[in-house]
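So the structure is just underneath, and the comments pick up after that.
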Amino acid sequence: DAGITQSPRHKVTETGTPVTLRCHQTENHRYMYWYRQDPGHGLRLIHYSYGVKDTDKGEVSDGYSVSRSKTEDFLLTLESATSSQTSVYFCAISEWSLQSPNEKLFFGSGTQLSVL
Amino acid sequence: GEDVEQSLFLSVREGDSSVINCTYTDSSSTYLYWYKQEPGAGLQLLTYIFSNMDMKQDQRLTVLLNKKDKHLSLRIADTQTGDSAIYFCAESRGNDMRFGAGTRLTVKP
């Protein structure tokens with residue numbers, strides 16, 4: 001596996017509580033992504049980052065925020081968790097660029113989040 | 001609905017060929033990908049094809065691309081029980097990857 005670590009691997013929380021998931025990479029890749037995986041929906045992009053302090057929204061960004069203060073760390077925060085945010089969350093990295101647009105993604109092992 | 005569509009299930013016998021199909025929507029996609037996900041793990045890049053190619057072969061894997069019909073397929077020759085997994089088709093739209101819902105391949109001995 002590429003050097004991507006997600007923490008925690010499992011999390012159970014209650015509705016209305018804040019939750020932060022962490023993604024750490026050792027590959028020095030510029031791009032980092034947060035996806036959620038739900039049955040029948042494949043993976044859907046939540047937010048991504050194209051550099052330190054540079055982030056943008058994905059397809060399903062409502063209810064989520066992100067931060068990237070260092071190249072190696074990308075945090076996903078659920079400010080007030082809801083049951084609809086129960087999902088498996090994957091972090092991914094890539095070296096995409098205009099000069100090298102092959103967006104090969106390398107994924108972490110995922111975080112199973114349950115919101116009760 | 002999904003922009004990228006795949007059938008959800010495929011079951012084959014060990015030793016047979018598996019063909020997983022995918023349709024995508026963006027004719028400007030530069031690259032198309034196949035990822036494999038084993039239970040409890042993240043997705044692993046299996047193979048990819050550049051949009052100006054019709055076919056790519058990599059050992060037991062053959063990718064066919066029909067740009068006119070926006071159809072992508074993955075053929076696995078001599079399918080083994082270790083090939084049992086979920087296979088995702090994905091299209092790259094610049095810096096945005098869109099995934100299908102995944103095809104669960106079951107290989108029976």
Side-chain angles (χ1 to χ4, degrees), chain A residues 1-7 9-10 21 23 25 27 29-51 54-61 87-112, chain B residues 1-9 20-26 28-53 56 58 61 63 65 72 74 85-105:
Chain A
D1 287 346
I4 308 169
T5 305
Q6 290 186 234
S7 59
R9 289 297 313 276
H10 300 89
L21 308 182
C23 178
Q25 62 148 329
E27 306 296 319
H29 282 9
R30 181 181 174 196
Y31 283 83
M32 299 185 74
Y33 308 79
W34 277 107
Y35 287 88
R36 60 178 289 173
Q37 182 179 24
D38 302 291
H41 288 279
L43 273 75
R44 292 179 292 176
L45 181 64
I46 304 171
H47 282 278
Y48 69 97
S49 169
Y50 46 97
D54 292 323
T55 66
D56 207 348
K57 296 179 180 180
E59 183 186 1
V60 291
S61 59
S87 186
V88 181
Y89 290 85
F90 286 100
C91 174
I93 63 176
S94 84
E95 285 189 300
W96 185 89
S97 69
L98 289 174
Q99 293 75 29
S100 179
N102 189 343
E103 192 189 359
K104 291 184 285 185
L105 293 178
F106 300 95
F107 285 84
S109 299
T111 295
Q112 172 69 60
Chain B
E2 297 295 331
D3 295 336
V4 179
E5 296 191 351
Q6 309 175 232
S7 54
L8 294 183
F9 302 98
I20 302 172
N21 294 302
C22 168
T23 57
Y24 61 98
T25 59
D26 190 346
S28 65
S29 293
T30 308
Y31 289 91
L32 295 133
Y33 302 84
W34 285 102
Y35 285 84
K36 176 183 180 182
Q37 184 181 32
E38 297 183 357
L43 278 68
Q44 287 185 303
L45 178 65
L46 204 56
T47 187
Y48 63 90
I49 188 167
F50 187 49
S51 58
N52 69 351
M53 297 170 65
K56 180 179 180 181
D58 183 2
L61 305 178
V63 179
L65 176 60
L72 183 73
L74 174 70
I86 302 176
Y87 292 81
F88 291 91
C89 169
E91 61 174 343
S92 176
R93 304 176 184 180
N95 190 31
D96 181 14
M97 185 87 78
R98 293 295 176 112
F99 289 85
T103 299
R104 183 179 295 275
L105 174 64

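Order of the sequence lines sets the chain letters (A, B, ...), proteins ahead of strands, with each chain counted from 1.
Residues B:Tyr33 and A:Leu105 form no side-chain contact, since every pair of their non-hydrogen atoms from C-beta on lies 4.5 Å or further apart.
Within the 4.5 angstrom heavy-atom criterion, only side-chain atoms of A:Gln37, from C-beta onward, approach chain B. Interface remark: B:Gln37 contributes side-chain atoms only to the contact with chain A (heavy atom separation under 4.5 Å). With a 4.5 Å cut-off on non-hydrogen atoms, B:Leu8 does not touch chain A at all.
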Open item on the list: Run the side-chain contact (heavy atoms from CB on, under 4.5 Å) test on B:Met97 and A:Tyr33 for me, step by step, so that the C-alpha distance in whole Å, both residues' side-chain angles and the decisive distance to 0.1 Å come before the verdict.
Closed with: CA-CA 10 Å; B:Met97 185 87 78; A:Tyr33 308 79; over 6 Å; no
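Taken from OH in B:Tyr35 to CZ in A:Phe107, the straight-line distance is 5.5 Å, to the nearest 0.5 Å.
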